[in-house]
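Written below as structure tokens is the structure these notes are about.
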Amino acid sequence: MKEHIVLRVGVTKGGCSGMSYVMDFEDASNVNEKDSEIKFDGFSVVVDPASLLFVFGMTLDYDDALIGGGFKFQNPNADKTCGCGLSFG
């Protein structure tokens, strides 16, 4: 049986700017009807309703550079961000 995995993106309280981004892979059976699911090129990104308020309009990109690479969050809703780019306020 082939396992179907989704990428869950959300926010949690914490980080140096007040809120932090969280991401994790999880089984698609954990997705519920209140989650927003975005299907893109063969995979799904899932966001819970509370986090959607903070990430609506956000762009998530990936850079494979050896220095400074990784996921990049560009959030037009953030009033401030920290230097690492993983938290916002």
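Between the side chain of Ser51 and the backbone N or O of Val11 there is at least one donor-acceptor pair closer than 3.5 Å. No donor-acceptor pair closer than 3.5 Å links the side chain of Asp27 to the backbone N or O of Asn30.
When the side chains of ILVMFWY residues are joined at heavy-atom separations under 4.5 Å, either directly or via intervening members, Val46 and Phe25 end up in two distinct hydrophobic clusters. Hydrophobic clustering (ILVMFWY, side-chain heavy atoms < 4.5 Å, transitive): Phe56 and Leu7 are in distinct clusters. Phe71 and Ile38 fall into different hydrophobic clusters, where Ile, Leu, Val, Met, Phe, Trp and Tyr residues are linked whenever their side-chain heavy atoms come under 4.5 Å apart, directly or through other members.
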CA sep, side-chain torsions, deciding dist, call: Lys34, Asp48, side-chain contact (heavy atoms from CB on, under 4.5 Å): CA-CA 7 Å; Lys34 292 183 180 180; Asp48 65 272; over 6 Å; no
Derivation and outcome, side-chain contact (heavy atoms from CB on, under 4.5 Å), residues Val22 and Asp24: CA-CA 7 Å; Val22 292; Asp24 201 5; over 6 Å; no
Evaluation steps, side-chain contact (heavy atoms from CB on, under 4.5 Å), between Tyr21 and Leu60: CA-CA 11 Å; Tyr21 298 108; Leu60 177 60; over 6 Å; no
Residues Gln74, Met58; criterion side-chain contact (heavy atoms from CB on, under 4.5 Å); working and verdict: CA-CA 6 Å; Gln74 298 169 348; Met58 179 188 78; 5.7 Å; no
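Residue Gly57 comes nearest to Pro76 through the heavy atom pair O-CD, 3.4 Å, listed as atom of the first residue, atom of the second, then distance. The two atoms that bring Lys39 and Ser44 nearest to each other are CG-OG, 3.5 Å, heavy atoms only. Here the closest non-hydrogen pair linking Arg8 and Val31 is NH2-CA, 4.1 Å.
Interatomic distance, OG of Ser20 versus CZ of Phe73, reported as 9.5 Å (0.5 Å rounding).
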